[in-house]
Amino acid sequence: MDHFQYRDGILYCEDVSLEEIAEAVGTPFYCYSSAHLKDRFEAYKRGFGKRKHLICFAVKSNSNLAVLNCLSGLGAGADIVSGGELFRAIKAGMRPERIVYSGVGKTEEEMAYALNEGIAMFNVESLEEMALLSKVSKKVGKKAPVAFRVNPDVDPKTHPYISTGLKKNKFGLSREQALYAYKKASTDKWLSIKGIDCHIGSQITEISPFIDAFRRLKDLIGQIEGMGITLSHVDIGGGLGISYKEEVPPSPEDYISEMVKEAQDLDKTIIVEPGRSICGNAGVLVTNILYTKENGSKRFYIVDAGMNDLGRPSLYDAYHEIRPVRQLNTETEIEADVVGPICETGDFLARSRQLPQLSSGSLLSVMSAGAYGFTMASNYNSRPRVSEVMVHGNRFHVVRKRETWQDLVRGETIPEEAC
Ligand SMILES: *Cc1c(COP(=O)(O)O)cnc(C)c1O
C-alpha cells in the first residue's frame, strides 16, 4: 500500500488526494494506483530474470480496460475464464498469443471465439471439455493448443472457499485422469498439446504449497514425457497472497525466484497467472459516511458503499483495513461497525473496528480493494455500480463512469400483454 500515504493529514493515492477525487467524481469510487500495478508486475519480471516466461494477469481479479492496458503495456498477457474476459483483454490491447483460457465451464461459442482469436492455450479441466474442444476446432478448422489442468491435491492453507487444488474441489483432473487425457489428446489431430497447468488457490501466504504443487507437477511431466509427449509450457497458476492486515506473504520476486530454482532442470516456458498479488493493494474503495448511529452499546457508521460494491467482507468474512481519508487530531478511538445501505444483515465492510470518532460527511478509504472488488460488484438493490479512477503520478482519470439509473434498466422491456 506504499502508494496510499497521508500527506498533511490527508490520504493520497500517489500524488493525488482522495478528497480531490471525491469532489470531482462523487462517492463511492474505486481508485487504482498505476505505479503499484507497475511495481508489482516488475517484481514478477525480476523474479524470472532471464528465464523464458509469460505473466498472465488473472482478469477476473480486476478487468477494467485501463488496468489491463497498463499491464499489457508492461508485457503482461492474460488468464481469462470467459468469452467476456477475452473480449476485454483484446479490447485493452493484449496480444492473443499471450492469453491462456482457464475455467471449468467453457461453452462452444467461447471456444470458437478464442480459437479464432488465436490464444496461447486452453487450460482444459475435464475429459468432456477436451472432446468438445476437439469438435469445435474441427468446425473452425484450427488446431486447439491445450494444457490440462491437474489437481495436485495440496493444501494451500487458505480460506476453504478460495482453495482449489484439493481432491474435493471441482477444479482440474486427477493424476490418473490427466495421464489418460494426455494420451487421448496426443492421438487427436485437432488438439495440439502445449503444456500442463495447475492453480491451487488464492491468498496463499507461504511458498511451500507452491513448491509442493510444482514438485508434483514435475513428477507428472516426467510420466507424460515418458509417453513420448513433449510439453513446452508449465503453468503454475496464480494465488500469491497480499497483506490485508498482518499477513507477511513472500514478495512476487522471492516467490518466482524459488519457482525458477525448482524449474532449473526443465527446459520449458513458465507461465504464472497472478491476480490479487498484482492489483489487490493497487486499489481502494472510497466511501462517504451517510449517518452515524448507536444501538445500545453498538456504534454504526452507515456508508454509501455496500456489499454490492465490495462483496469480500460478506462473502469471505474478509478483513479490509479502514482508514479515514482525513486524519483527526484527536486520539480517541471508538469501536464501530462500518455498514452499507443494503437491506441485508450481511451488508458490512468492517465489524468491531477501532476507528476515530467520525461524523456524517467524513470519507473513509477501504484499503486493499483492487482485486475482486469491482469485478464482483452487482446491481443488487438497484444500485448503480460505482466509478473507477486510475491515478498516474499527479493526474487521475475516470476509467469507468458511474452507472446511471437509466443503465439499470437497459435491455429490459415490459410485454404488451397485460398481467
Ligand atoms: C483466480 C485464478 C487465478 C488468480 O488468482 P489470484 O489469487 O488472484 O492470484 C489464476 N488462475 C486461475 C485458474 C484462477 O482461477
Side-chain angles (χ1 to χ4, degrees), residues 1 4 6 9-13 17-32 244-245 280-281 283-328 330 332-389 398 400 402-405 408:
M1 276 174 280
F4 294 90
Y6 285 103
I10 310 257
L11 192 58
Y12 273 65
C13 173
S17 112
L18 293 176
E19 273 192 358
E20 183 192 336
I21 302 175
E23 233 159 80
V25 308
T27 56
F29 63 91
Y30 277 95
C31 174
Y32 308 125
Y244 284 100
K245 193 180 183 182
N281 272 328
V284 299
L285 172 64
V286 176
T287 182
N288 179 37
I289 299 181
L290 296 170
Y291 306 104
T292 67
K293 77 173 189 182
E294 257 158 80
N295 282 355
S297 61
K298 207 144 186 108
R299 177 180 287 258
F300 294 95
Y301 289 153
I302 301 164
V303 297
D304 61 0
M307 64 188 284
N308 72 301
D309 303 307
L310 178 65
R312 298 188 68 260
S314 322
L315 200 55
Y316 312 113
D317 208 16
Y319 178 97
H320 285 269
E321 189 189 340
I322 308 270
R323 291 190 196 166
V325 168
R326 184 180 279 263
Q327 277 176 320
L328 295 182
T330 106
T332 42
E333 291 202 323
I334 48 146
E335 190 179 299
D337 284 11
V338 179
V339 300
I342 290 187
C343 302
E344 297 276 352
T345 306
D347 180 28
F348 62 91
L349 298 177
R351 283 203 282 213
S352 305
R353 287 295 170 80
Q354 289 302 122
L355 289 167
Q357 194 134 11
L358 298 164
S359 50
S360 59
S362 307
L363 297 175
L364 295 176
S365 176
V366 184
M367 309 307 289
S368 312
Y372 307 102
F374 189 90
T375 53
M376 289 175 94
S378 80
N379 291 119
Y380 187 42
N381 276 209
S382 284
R383 289 165 49 80
R385 281 178 299 170
V386 307
S387 39
E388 293 174 284
V389 169
V398 176
R400 193 182 209 273
R402 187 179 307 284
E403 286 179 342
T404 63
W405 288 332
L408 293 177

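Note that the coordinates shown come from a computational prediction; the quantities given were computed from them, not determined experimentally.
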So which heavy atom on S382 is nearest to which on L408, and how close? O-CD1, 3.3 Å
M367 side, atom CE; L285 side, atom CG - distance, nearest 0.5 Å: 11.0 Å
Do D309 and R383 have side-chain heavy atoms sitting under 4.5 Å apart? yes
Heavy-atom distance under 4.5 Å between the side chains of I21 and V286, does that happen here? no
Check whether more than 12 heavy atoms from other residues, nucleotides or ligands sit under 6.0 Å from atom CD of Q354, and answer yes or no. yes
Is any side-chain heavy atom of F348 closer than 4.5 Å to one of D317? yes
Student check: side-chain heavy atoms of Y301 and T287 closer than 4.5 Å: no
Verify side-chain hydrogen bond (donor to acceptor under 3.5 Å, both in side chains) between N308 and S378, making sure each step is shown before the conclusion. CA-CA 5 Å; N308 72 301; S378 80; 5.0 Å; no
Taken in chain and number order and not counting sequence neighbours, the residues that satisfy salt bridge (Lys or Arg N to Asp or Glu O under 4.0 Å) with K293 are none
Student check: side-chain heavy atoms of E321 and Y244 closer than 4.5 Å: no
Atom CG of L290 and atom CG of D304: how far apart are they, to the nearest 0.5 Å? 5.0 Å
Is any side-chain heavy atom of V284 less than 4.5 Å from a side-chain heavy atom of C13? no
Output all residues satisfying salt bridge (Lys or Arg N to Asp or Glu O under 4.0 Å) with E335, sequence neighbours left out; order by chain, then residue number. none
Assess the residue pair L349 and H320 against the criterion (side chain to side chain contact (heavy atoms under 4.5 Å, CB included)); give the C-alpha distance rounded to whole Å, side-chain angles, the decisive distance to 0.1 Å, and a yes or no. CA-CA 7 Å; L349 298 177; H320 285 269; over 6 Å; no
When rounded to the nearest 0.5 Å, the distance separating CE of M376 from CZ of R312 is 8.0 Å
One should read off an interatomic distance between I322 CD1 and R353 CZ, to the nearest 0.5 angstrom, of 5.5 Å
With rounding to the nearest 0.5 angstrom, report the CG to OG distance, N288 to S362. 7.5 Å
Set of side chain to side chain contact (heavy atoms under 4.5 Å, CB included) partners for R400, sequence neighbours left out: N64, F374, R385, E388, E403
Sequence-distant partners of D337, salt bridge (Lys or Arg N to Asp or Glu O under 4.0 Å), two or more places apart: K298
Taking all non-hydrogen atoms of both residues into account, name the closest pair between G346 and S314 and its distance. O-OG, 2.7 Å
Before giving the answer on side chain to side chain contact (heavy atoms under 4.5 Å, CB included), spell out for F29 and V398 the whole-Å C-alpha distance, their side-chain angles and the decisive distance to 0.1 Å. CA-CA 10 Å; F29 63 91; V398 176; over 6 Å; no
Given 3.5 Å as the limit, does a donor-acceptor pair link the side chain of R402 with the main chain of V25, or not? yes
Can you list the residues that meet the salt bridge (Lys or Arg N to Asp or Glu O under 4.0 Å) rule with R299, with sequence neighbours excluded? E294
Test item: L358 and L364 side chains (from C-beta on) under 4.5 Å apart, heavy atoms: yes
Roughly how far, to the nearest 0.5 Å, is CD1 of I289 from OG of S360? 8.0 Å
Residues in side chain to side chain contact (heavy atoms under 4.5 Å, CB included) contact with E344, at least two apart in sequence or another chain: M307, I342, D347, Y380
Are any of the side-chain heavy atoms of Y12 and E20 separated by less than 4.5 Å? no
Neighbour count >12 (heavy atoms, 6.0 Å) for atom OH, Y6: yes
